[in-house]
Amino acid sequence: KRSRPNQQQQHHHHHQSGPAPNLSTRKELYERDFPVYKQPVEIGCFSLDSERRFFNDGRQMRYYVEPERNPNFDLRDGYKDRYIKRDGNVKEKLDHILRWILANKSKLCSKGAAASPCALDFDFVTWRGHLTKLLTTPYEMREGWLLAVTRFKGTLYISEVETEAARREQENRTERHEEMMYWGYKFEQYTCADDVHSLPDPGGVVNTNEAFCTVVQTRLADHRLLFSGEVDCRDKDPKAPAPPACYVELKTSAEICTPKQRSNFHRFKLLKWWAQSFLPGVPRVVAGFKDDEGVVVNVDTFPISKISQLIKNEHNCWKPTVCMNFCCDFLSFVKQIAIEDHPRSVAVRDDAVQPFFF
Ligand code: A3P
Ligand code: MG
Ligand code: MG
């Protein structure tokens, strides 16, 4: 089920003459050599506090504290009385990344500190999460997406627009689903400390406004990218490698009891985990496997570099090269589409096989 663009969300209307170019999402078309993807380099970070205020520093960084293998963490604890949930109705778009760019423009600008805005040495600015969705598109049969792009001084800014389907899904969430979304954050609280020398505080409040985000620079084929992504925590060992190699992504997943469950985990979960962490160069995912009652029954580490080996035994499984080649071709496609360099000109494109529009 692919989403359709919402006409009301268009900012500006332009009409393109001639046939509309298109891009297929069929995975067979992207099975070629892995494209060049440069080692992502962290060029900065920022933090969002308990009230979602922006800070141009790493104050919200947390430190990973390895749990026992069978910790029996109760992820339901605190849902009713120690949970402050971020307001999902506030659409932040690229705002925090743009704040970071403004706060760091002297080190980013190629033409020195001019009074007027100078050009950035990047082709694309976006959130890591948007790129993750692009990477998984050839394999995603359920959730569609809608992306808006604008060209400003040669740089393309890509931001997500909520689809009608996503909005309905959010409105019709069950209480069970709502609670299960808390479980992932509760797992983070059990495994993260605020300081290098302190321990996790499972008695505290879970506030999902708080975030630490890395800003990375990399290149996919001929696309120079600047993106930001939320990072759960880092290795607390002072001898750990520099960011992003010291970062740890935390995940929860349903306990695996049958071969079918293992296969689904490889096919669907590991695809999303791989895409999310591979992009910013986060080397490992620590997974808490939970039962139906929200108890973490075991914890396992998945090095990102080992995931492609892990899935090799699955028949007809996803391939990293397909993900990266699709993303690369999509970005080339966007460069062709979003020609007009004007902040009020926005191209909106969805993942359905249909003409795009401005
Ligand atoms: P899980 O690890 O259980 O998925 P992230 O893993 O990206 O750091 O996100 C932390 C938690 O936020 C997730 O824990 C999940 O509970 C919640 N979450 C993330 N993305 C979500 C989404 N698209 N919809 C609902 N919940 C989401
Ligand atoms: Mg996170
Ligand atoms: Mg996580």
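In listed order, ligands and their atoms are each counted from 1.
- Contact check on D77 versus R82 returns a salt bridge, with a Lys/Arg side-chain nitrogen under 4.0 Å from an Asp/Glu carboxylate oxygen.
- Sequence neighbours left out, the pairs with a member in residues 187-209 that pass ring pair (Phe, Tyr, Trp, His ring centres under 6.0 Å) are F73-Y190.
- In this structure the side chain of I304 never reaches within 4.5 angstrom of the side chain of V282, judged on heavy atoms.
- Contact record, P35 with L220: CG-CD1, 3.7 Å, taken as the closest heavy-atom pair.
- Between W274 and Y139, the ring centre distance reaches or exceeds 6.0 Å.
- Across every non-hydrogen atom of C213 and E230, the tightest pair is SG-CA, 3.9 Å.
- At a 4.0 Å heavy-atom cut-off, the residues surrounding ligand 1 are M181, G184, Y185, E188, E230, D232, E249, L250, K251, T252, Q276, listed by chain and number.
- Contact check for V65 versus K236: side-chain heavy atoms found under the 4.5 Å cut-off.
- Using modelled atom types and a 3.5 Å distance limit, the side chains of H315 and S263 yield no donor-acceptor pair.
- Protein contacts to the Mg ion (ligand 2) involving N, O or S atoms at a distance below 2.8 Å are E230 OE1, D232 OD1.
- Partners of R267 by salt bridge (charged side-chain N to carboxylate O under 4.0 Å, His left out), not counting sequence neighbours, listed by chain and number: E314.
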